[in-house]
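Quick notes on the structure that follows.
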Amino acid sequence: MMPSSSTTPPPPPPPPPPIIQGVDIVGTNMPTLAPNIEYPRLYLEAALKALFADSLRRYNYLFLEPIPLLHFPDYPDYIKDPMDLGTIKRRVTEGHYDPSPSSSSSSSSGPISAFWSDVLRTFENARVYNARPTNTLRPRDRKHVDKSAAEMTKKANACRKKLDADPPKPKVAKPPPKPKAAKAARPPSASPPSRSLKDGGGASAFSSPAKLFLGGSHSGGASRARTSTSPAS
């Protein structure tokens with residue numbers, strides 16, 4: 001029996017969410033980048049600082065340099081696109097992930113997506129190579145490699161989410177502090193004219209005023225005291 005012409009077909013399913021090429025390598029889609037990143041270089045430098053942090057040293061040291069093929073000659077058999085954090089840092093310095101000069105700031109998400117793709121590929125490569133059947137590492141070392149790759153992937157995802165939500169901007173230089181007003185100089189205080197030791201004044205020959213008034217060792221003060229107390233003739 002033919003269906004009636006009045007029957008409307010069901011609506012088509014919604015399209016799947018877009019996937020950034022080269023990023024969905026660990027089984028989970030990364031969040032979409034912020035639509036406008038005004039300062040991509042500051043963004044990338046902040047990301048590198050987080051990935052190279054000393055607090056991650058027990059994990060990130062495995063990914064700082066390329067895998068030496070002399071010690072792991074079968075590496076190209078399992079990893080077709082090698083990557084490491086040292087190479088990524090050099091690429092940032094060389095401007096590999098910078099938007100082209102002719103592009104607008106809103107298109108900076110493309111190169112920065114490539115940056116995160118390389119970062120996550122670094123850790124995924126380690127996980128894939130660590131799972132090869134010819135791996136001769138001790139079980140605890142293999143476990144450490146897997147844990148390091150997982151921790152660094154987790155850190156990269158958290159770092160990207162934070163930077164996308166609040167992209168870094170240049171710090172505004174603070175104005176120099178205003179110079180303090182110079183204090184008015186006090187006029188010199190009037191002091192009584194100094195008297196010489198001969199006149200009974202001045203304490204330059206004594207170590208303290210107490211010695212002066214107690215007679216000290218100067219004969220002038222002692223003789224004057226004796227003269228003042230002698231009976232009149």
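We number each residue from 1, following the sequence as shown. Just so you know, these numbers come straight off a predicted model, no measurement behind them.
- Heavy-atom contacts from other residues, nucleotides or ligands closer than 6.0 Å to CZ of R58 number 12 or fewer.
- The closest donor-acceptor contact from the side chain of D98 to the backbone of R41 lies at 3.5 Å or more, if one exists at all.
- Contact check on K161 versus D164 returns no salt bridge, with no Lys/Arg side-chain nitrogen under 4.0 Å from an Asp/Glu carboxylate oxygen.
- Counting heavy atoms from C-beta outward, Y75 and P66 have side chains that stay 4.5 Å or more apart.
- If you take CG on L44 and NE2 on H96, they are separated by 11.0 Å, rounding to the nearest 0.5 Å.
- When all heavy atoms of T87 and D84 are compared, the pair lying nearest together is OG1-OD1, 2.7 Å.
- A50 and C159 get closest at one heavy-atom pair: CB-SG, 3.7 Å.
- Hydrophobic clustering, with ILVMFWY side chains joined whenever heavy atoms are under 4.5 angstrom apart, groups L69 together with V128.
- The main-chain N or O of S113 is never found under 3.5 Å from a side-chain atom of S117 such that the two would form a donor-acceptor pair.
- In this structure the side chain of L51 never reaches within 4.5 angstrom of the side chain of L56, judged on heavy atoms.
- The shortest distance between side-chain heavy atoms of Y59 and K155 does not fall below 4.5 Å.
- Taking every heavy atom of both residues into account, L48 and F115 meet most closely at CD2-CE1, 4.2 Å.
- Between P168 and L163 there is a side-chain heavy-atom pair separated by less than 4.5 Å.
- The cationic group of R132 lies under 6.0 Å from the six-membered ring centre of Y129 and within 45° of the ring axis, placing it in a cation-pi geometry.
- The pair R127-E124 meets the salt-bridge criterion, since a charged nitrogen lies less than 4.0 angstrom from a carboxylate oxygen.
- Connection of Y78 to L120 is not established within any shared hydrophobic cluster, with ILVMFWY side chains joined at heavy-atom distances below 4.5 Å, either directly or through further cluster members.
- Between K89 atom NZ and E45 atom CD the span is 10.5 Å, to the nearest 0.5 Å.
- The structure places NZ of K154 at 8.5 Å from NZ of K147, a figure rounded to the nearest 0.5 Å.
- Cluster membership for L64 and I67, using ILVMFWY side-chain heavy atoms within less than 4.5 angstrom, is not shared.
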Does V119 form a side chain to side chain contact (heavy atoms under 4.5 Å, CB included) with I88? I'd like the steps, not just the answer. CA-CA 7 Å; V119 168; I88 294 173; 3.8 Å; yes
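- Between K143 and D146 no salt bridge is recorded (no basic side-chain N to carboxylate O distance below 4.0 Å).
- F72 contributes atom CZ, which lies 7.5 Å from atom OG1 of T136 (distance to the nearest 0.5 angstrom).
- For the residue pair A156 and F123, the shortest heavy atom distance occurs at CB-CE1, 4.3 Å.
- Following chains of ILVMFWY side-chain contacts shorter than 4.5 Å, one cannot reach I79 starting from F63, and the two form parts of different hydrophobic clusters.
- The other residues sharing a hydrophobic cluster with L42 are Y39, where clustering joins ILVMFWY side chains under 4.5 Å apart.
- Considering all non-hydrogen atoms of both residues, N60 and R57 come closest at OD1-CA, 3.3 Å.
- For the pair M152 and L85, the tightest heavy-atom approach, listed with the atom from each and the gap, is CE-CD1, 4.3 Å.
- Atom NE2 of residue H144 and atom CG of residue L137 lie 11.0 Å apart, to the nearest 0.5 angstrom.
- Summarising the local packing, NZ of K80 is surrounded by more than 12 heavy atoms from other residues, nucleotides or ligands at distances under 6.0 Å.
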